[in-house]
Chemist: 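Quick one: the structure is below, and I'll ask about it shortly.
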Amino acid sequence: MDKGKKEKKGLGRGLDALLGNSFDVGNVVVNPDSPSRIKTGSISKIPLESIDTNPWQPRNAFEEEALQQLSESIREHGLIQPVTVRQLENGRYQLISGERRVRASKLAGLTQITAYVRTADDMQMLEMALIENIQRQDLNPMEIALSLQRLQDECQITQEDLAVRVSKSRSAVTNYLRLLKLSEPVQQALCMQQISMGHARALVVAEPEQQQHLLKEIMEKDLSVRQTEDLLRQWQQKAAETAPKAKVRLPQAYQDAKKQLAGKFQTVVKIQRDAQGKGHLTFSFKSDEELDRLLSLLQKSGN
């Protein structure tokens, strides 16, 4: 039994079992048994008190219960994955990724943490922090969309490059960014998991007022994504049928002809014409005498 306990403890020391107190390899080891190593930096243990947080960290809320669970895991098994930092000119370190691991390690009572030290400028710091944030498992779709938008705007990355860097398809990136066009109530519902990503994608094509009406229907009637799409299609078809027909602008040649006829017959002349070229030519009159005058003029024009 004692032997089993010792073995469990030995296996549970995480990176400490591999790195000891200091392990400056100048490499990232993909496979410890493989002689192939790619030189990119170093891995070593550094004091937690010498690490400053990342000012570009997009995540500012950490669930206390989950943080406590991670702390207990680190206390029992050690840190499985090192954090990533960059060294500053004053000898301190600035966190690039792993703030949750740093916080949990402090809760666990550790004074040092295993870190991968690399070089990065401010723009790279922002980019890496945003990319790490996007790759978290507990993000809701709106948080992903906002991080993608920041990457695109602040780091000046195209959608094609964005898709490659966050390991998502171009269509997935586009779909997430389109969520930012949703009205605020729909975005809130998506954040709170009251509707799914599928519902949100269906609502994105609707007008803001329609979105809110549909959101109410979804939540009150527990509509599926397919039912939501069908309902939206019905509403749009009905709106198209009841919408007033758009007036077709009269070509300039007909506008000129209308003025000439109005001048010749000394009355109001209207020309109405649809997109297919069908319409009406109307002469206005206010009395029988005026009608007789117009008929006489028309007969003379025909001779």
Chemist: Please report the shortest heavy-atom distance between Gln227 and Asp222, naming the atom on each side.
Modeler: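 In this case the closest contact between Gln227 and Asp222 is OE1-O, 4.2 Å.
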Chemist: Listed by chain and number, what are the side-chain hydrogen bond (donor to acceptor under 3.5 Å, both in side chains) partners of Arg293, not counting sequence neighbours?
Modeler: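 Once residues adjacent in sequence are excluded, Arg293 has no partner under the side-chain hydrogen bond (donor to acceptor under 3.5 Å, both in side chains) criterion.
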Chemist: So how far is it from Ser284 OG to Leu291 CG, rounded to the nearest 0.5 Å?
Modeler: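 Rounded to the nearest 0.5 Å, the OG-CG separation comes out at 11.5 Å.
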Chemist: I'd like to know whether CZ of Phe265 has more than 12 heavy-atom contacts from other residues, nucleotides or ligands below 6.0 angstrom.
Modeler: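 Yes, because the 6.0 Å sphere around CZ of Phe265 holds more than 12 heavy atoms from other groups.
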Chemist: Got a sec, which residues hit side-chain hydrogen bond (donor to acceptor under 3.5 Å, both in side chains) with Asp292, two or more places apart in sequence or on another chain?
Modeler: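 Asp292: no side-chain hydrogen bond (donor to acceptor under 3.5 Å, both in side chains) contacts found.
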Chemist: Please answer: with hydrophobic residues joined when any side-chain heavy atoms are less than 4.5 Å apart, are Val164 and Leu162 in the same cluster?
Modeler: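 Different hydrophobic clusters.
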Chemist: What is the minimum heavy-atom distance between Val173 and Ala163, and which atoms define it?
Modeler: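 For Val173 and Ala163, the tightest heavy-atom pair comes out as CG2-CA, 3.8 Å.
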Chemist: With no hydrogens and no angle check, just 3.5 Å: does a side-chain donor-acceptor pair link Gln260 and Asp256?
Modeler: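 Looking only at side-chain atoms, Asp256 and Gln260 do not form any donor-acceptor pair under 3.5 Å.
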Chemist: Only pairs at least two apart or in different chains count here, so list each side-chain hydrogen bond (donor to acceptor under 3.5 Å, both in side chains) that has a residue in residues 177-195.
Modeler: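 Sorted pair list: Ser183-Gln211.
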Chemist: Could you see if Val225 belongs to whatever hydrophobic cluster contains Ile218? Use Ile, Leu, Val, Met, Phe, Trp, Tyr and a side-chain cutoff under 4.5 Å.
Modeler: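 Looking at the clustering, Ile218 is in a separate group from Val225.
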Chemist: Less than 3.5 Å apart, any donor N or O on the side chain of Gln272 or Thr282 sitting next to an acceptor on the other?
Modeler: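 There is no such pair between these side chains.
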Chemist: Rounded at 0.5 Å granularity, tell me how far OH in Tyr176 sits from NZ in Lys168.
Modeler: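 It comes to 4.5 Å.
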Chemist: Roughly how far apart are Arg233 CZ and Leu231 CG, rounded to 0.5 Å?
Modeler: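 Spacing of CZ (Arg233) from CG (Leu231) equals 10.0 Å.
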Chemist: Roughly how far, to the nearest 0.5 Å, is the CZ atom of Arg201 from the CG atom of Leu182?
Modeler: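 Here the interatomic distance stands at 12.0 Å.
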Chemist: Would Val268 end up clustered with Leu298 when hydrophobic side chains under 4.5 Å apart are linked, directly or stepwise?
Modeler: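 They do not share one cluster, since no chain of ILVMFWY contacts under 4.5 Å joins Val268 to Leu298.
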Chemist: Would you call Gln69 and Glu65 a side-chain contact if the rule is heavy atoms closer than 4.5 Å?
Modeler: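 Yes, their side chains come closer than 4.5 Å.
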Chemist: State the CD1-CG distance between Ile195 and Leu223, to the nearest 0.5 angstrom.
Modeler: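 These two atoms lie 11.5 Å from each other.
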Chemist: Considering all heavy atoms of both residues, which atom of Leu67 and which atom of Ala104 are nearest to each other, and what is their separation?
Modeler: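 Heavy atoms of Leu67 and Ala104 come nearest at O-CB, 4.0 Å.
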Chemist: Of all heavy-atom pairs between Leu215 and Pro185, which one has the smallest distance, and what is that distance?
Modeler: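 Where Leu215 meets Pro185 most closely, the heavy atoms are CD2-O, 3.7 Å.
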